[in-house]
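One structure is given below, encoded as structure tokens.
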Amino acid sequence: MPGGCATPMAASPSRAESASKGTSPSAHDVRVVHAAVKGRLRLHVPWLRHNPRAARALEAGLSGHAGISSVSASLYTGNILVLFGPDVRVDEVLNLVAGLRVEPGAPVGRRAPFPVREAQPPHRGQVSPAASCPDPAWHALSCDAVLLRLEAAPDGLSADEARRRLHRYGPNELQLAVQRPLADIVAGQFKSIPVLLLIGSSVLSVLTGGLADAAVIVGVIAVNAVIGAYTEAVAERNIQALTRLSAPPVTAARDATTTLVNLSELVPGDIVHVRRGEYVPADARLVASTDLSVAESALTGESAPVSKDAFAVIDERAPLADRVTMLYRGTVVTGGSGVAVVVATGHSTELGRIQALVSEAAQPLTPLQRQLQSLGHQMVLVTVAVSGAMVFIGWLRGYSLLQTVRTAISLAVAAIPEGLPTVSTMTLAKGIRGLRERGLLVRRLDAVETLGAVQIICLDKTGTITANRMAVQAVCLDGRRLRFADGAIRDGGEGEGGPLTDGLTALLRVGALCSDAVVRDDGTGDSRVDGTPTESALVQLALDLGVDVVRLRADYPKVSHLERTEHRMYMSTIHATPEGRWLVATKGRPDQVLSRCRTVVRDGVARELTPVDRSTIETENESMAGQGLRVLGFGYAEVEAESLTDETPLVWAGLLGIADPIRPGIRPLIEAFHRAGIQTVMITGDQSATACAVARAVNLPRAPELEVLDSTGLAGIPDDLLTALASRVDVFSRVSPSNKLQIVRALQRAGLVVAMTGDGINDGPALRASDVGIAMGRGGSELAREVADIVLLDDDVTALVDAIAEGRTTADDIRKSVHFIISTNLSEILLTLGATGLGFGVPLNATQLLWINLLTDVFPELALAVDPAESDVLARPPRPPDTRLIGRRDVPRLTVDATVMAGAGMASYVYGLGRYGANGGAGTMAFQTLTGAQLLHAFSSRSEAHSALDWGRPSNPWLGLSVLTGFGVQLLSTVVPPLRRVLGTVPLRAGDIALSWGLAGGSFVLGEIVKVVAHPPGPPTRDVERPHS
Amino acid sequence: MKRDFIFSSESVTEGHPDKLCDRISDALVGQYLRRDPMARVTAECAVSTGILFVAVRLGSSAVVDVPFASREVIRDIGYERDGISAFNAKDCTVMTTLSEFDRAPIDLVDESAMTDADLDHVVARDQVTVFGFACTQTPSLMPLPVWLAHKLARQLATARRQHLPELLPDGKTQVSVEFRDRRPARIHGLTIVTTLRDARGSGADRLRERIRESVVGPAFDGEEIAPDERTRIDINPEGVFAGGGPAVHSGLTGRKTAVDTYGEYARHSGAALSGKDPSRIDRVGAYAARHAARNVVAAGLASECEVQLTYAIGLSHPVSVQVETFGTCRIEEDEVERRLLAACDFRPAAIVRRFGLRRLPATSSDGFYATLAAYGHMGRTDVDLPWERDDLADQLRSR
């Protein structure tokens, strides 16, 4: 976020601040960082940074004090967070802190040879635990001792006691990042270096007598501040809305019964039950555990789950990661279950401490924002240099000092890109809003721009590419193969929609009868099938093809059935037929069912199965299995009741293949990714046959060959080998979710920007490690959603294409705005320096420069910031992640653009000199031309390669409107007398206005010609090669 | 020509990494041909530490689960999860590269349905010189050194499965035979190198004794020439290796061409035999050459015979057919050549048709070709190989 929200903010005047300033002389070094929340004080302690001794002294000294409940010191920031009760006054805390001063241990003049370990900045996804230890060391105490100290019982607290404790310890809530007050946001607008320079300029203007200039400068600052504050406030609100997540209730024991308790009502001493997939609701000491494992990466950064054991013996000084008797809030149970007694809630939990420490870091600047910031600083340097040059030239030419200083100031004001921070905030916020409309929730501001740079996307097979259910895909009977999709026959275009053949009917009848799946009428006339995925798929197919399963089952009541066993891999059911005979229906492993069969019906005639028939069926079976289908064989027999035996020969009904169907829209999605130069990778735990079949069906590989890495243990592969392989692989099969992290890391080591989809608990680490983690909103686990950067609210992956387009557009728009602002500011500098240097005098006065600034830098630029997507946004490769906003190759174009605009201004000025003399008319002409040229240049800036007159491109009505407004306002400047007075312009003849604007138009045309010559129109070049192969 | 000399040949067991690759390659060829006899497929493997690379170039619509089939082979060979070895069927990583190409119309015509004119349309796609050899040193008409080396290697594998579970499937053997007047006279020495799953708890001497009992003894059962008291028998001369197979050394398809053929006693082509479908002349040509040489010897025309066939790209008939009998010929060598050309059709499609190479996989449970990968493609007595039949002998005898 621009505007320095990353730096600690002084709180509004409070008791704390007055205390620190006045009463206590020893506390004058200690600064209050944040005191807005009652009972919570963040202080900056200057001697604390990189001084572990001081941290220990502070934590020990303060936590020993009555009323202070928690202390955490950060060696990195030098800040200390103190939580205290209502009886403690803020100035007391300050005095205490000042009294605990400990200077760094190293002798004066000698610096530590290496940075202190704690001095590592907190890394994303990895937070160093607070240096403090809870008191007492719960992890080292025995279960009984813990229960005793907490006055808790294994069957839970009483409801009354819980209420009392809730009152005493407060709710089990974590203060999320505090929303920045509007005042903060507004104040932030005045804290960037460019704006400070503007403020300095206005002061200088006042001193040099330029009251009007000062007023205009202040006006410029104010307009920028208002726009900036507004966009930031909106963005802030959006982000705040995203960080709030609903928490499920917790299973806890109260009054000796197991009940559900709201997360926030949990208190120390509560007995909680946790099981696989759940969050740990508070810090707790285990009292029982069964194969319990917990992913603590949120706390320790360790991605592998930790095994927990209620009865392990732990040293008192064991680090957090080794305390296997403890559960910590915010971690996730990945296996087993456990019972634990809560020892700390809310802010007293380890997570609470860490969150309190890291929340001050707020949202980090996105890479683009960082670039913008440094660009702003560079522009400031350029400005100072140019202003100096201006004063020097003026002095050489013998102009009055006052005049040159004022022009230098205004030149500085003109050249400063004060709109830059606003542009990026606005563009990113627009991106987030746009994605929200498409059903994507963006949880991190920079995820939008990172999306635009994604080079490889790892897709989960199940749930992302496929629908995560079973459906019949193919049937093989009578030596024919039928394909199914969406419950209808797709027989290569033939036989669709026709009546069912006898063979198929017989097969469907066996499938519907030989099944434990239950068919229910859901009241609306549709039937719902409940059963195992396979059986449900069979019954569903029968229903889809018009078989009345309910009636069929009523007509053929089941009298007996034979379960499938380890040795008999098929099941049989026996039904009474309406004719009083018995029907045997069998389904199961094809080879075993086939061995029970003796006949087959071909063209309505039963005949013996020949060895050739059997071998053909075997081959079909192998081939269907090879295509990733789960294949079942079916047989039946209708016999007289007395002749029924276990070995009754059956009639072969056919083979049927089942698979998880591919979701609609995936194939075009993959194609779109490829067109956009993005590699696609599928990750699955399935066998490679299934995986390959799906990969081929969706056309996953970009290259002609399909590369499959089949492994259950990627751990065996050396890192460098995996790095080399990973970017070539299309399908990772049989990998476990925990291997996804390795895959993501390997791809990143290969230099790729990685996006990754996931929905399971085990996907968490990989989602977090990837550059853009994408979680399913509905089907996904809560953890996946929480660590993801983007949540697909409708589980619709196809929206990702829109997201990538949006991300690329965002980056494009920021670039366009920056290029516009730099080239126009440069044109002002060139014109002023040029005219002064050539001895034509100063063409534009300070107020005019500021006017141009206000008119062109703000409105067209903001319109550019919301420019619609380029038509080729999804037809070009992703921008390399290290592309600079202004690179070496941009310099010539910016210079040409600026020179053309300055040249037009110059021509206009020279013409004016001849016509009006040096008494204002020439300046007014140049003023008109330069403003016009800059306004028109906004159209030019929409594309680096396409002509502004290329009507095929999506239009940006905002830009047209803002430019039109700009011209209107500019006209006023020569027409309205008071404005004329302020700007120092003179009335121009209509013809000269037309001429000056004509010159502006000329510069626009010239600029466009240069652009077209440099980029001859043609089909967009497309990179079809893999970026890394 | 030297009459008295010592010659050594080596063999490796099926678990040797190079052989493992050959076997996987051939298993894949077999699997594809089982599903589609007209499949064109080239399968090549490389294996190193924990990872197996398989590259399959395929012209067929048949589908084979390549990683699954590869793991089956690894498991059959005996690399199963034992908690010690890093390389096993379950835990190893299989990296498959599958590329497909379209077959030419001629590729879809079954050789068995071709007319004589059609056979001419199937031309050699590779330039290759292949050699076939046969001699009377053993009943299988193979040179004795490689025959014995294979027997030892095979017995080593059998012993491992039956009595020596501590052994890994990776092992190699070498047999040196003393020749007098170009006839094997005695065993000069033999070497057996084995690898162990785990070095703990098994003494090198005890192991040596057990291998002598269960490998060397049975291997020479029924052999005319057996080790005598002067024969040097080295079993693990450099000590016992703990760990072996792909976990320790890497392997590659087609690196054991001498083991596949005549143990360097005779010339062999540099082209690999494994991993190629029957449309590859560098594979089937070698079989045809062996068949021809074998029948020359079986017909009694010579006691040693080498047949050389050279194919050029774009031609169906070999550009050169040479017979060399090392001075053992009972008739003119040119006459042998003439009779051979009259008796056998060496055109690629004719060889495929004669040997039924496309249909063999469907008749065998392991897809036929995988069997060939270890213990030699030539001179096998455990399987009925079409090129080991003496069906041309009568024709060659009669002028």
message: Taking side chain as everything from C-beta outward and backbone as N, CA, C, O, which of these in B:F53 sits under 4.5 Å from a heavy atom of chain A? Side chain, backbone, both or neither.
response: side chain
Hey, can you pull the donor-acceptor pairs under 3.5 Å for the side chains in residues 88-100 of chain B, sequence neighbours left out?
residue, atom, partner, partner atom, Å
B:N88, OD1, B:K90, N, 3.0
B:N88, OD1, B:D91, N, 2.7
B:N88, ND2, B:D91, OD2, 3.3
B:D91, OD1, B:R81, NH2, 3.1
B:D91, OD2, B:R81, NE, 3.1
B:T93, OG1, A:S711, OG, 2.6
B:T97, OG1, A:E707, OE1, 2.6
B:E100, OE2, A:R696, NH2, 3.2

- line: If one checks every heavy atom of B:R71 against chain A at 4.5 Å, the contacting part turns out to be side chain
task: Look at A:S688, A:A689, A:S623 and state which one has the largest set of heavy-atom pairs under 4.5 Å with chain B.
output: A:S688
task: Check whether any side-chain heavy atom of B:V66 sits under 4.5 Å from a side-chain heavy atom of A:D710, and report yes or no.
output: no
message: I'd like to know whether CG of B:D110 has more than 12 heavy-atom contacts from other residues, nucleotides or ligands below 6.0 angstrom.
response: yes
- prompt: Hey, is CZ on A:R630 packed in by over 12 heavy atoms from elsewhere, all under 6.0 Å?
  reply: no
- prompt: With the threshold set at 4.0 Å, does a side-chain nitrogen-carboxylate oxygen contact exist between A:E705 and B:R57?
  reply: no
field: side-chain contact (heavy atoms from CB on, under 4.5 Å) partners of B:D102, counting only residues at least two apart
entry: none
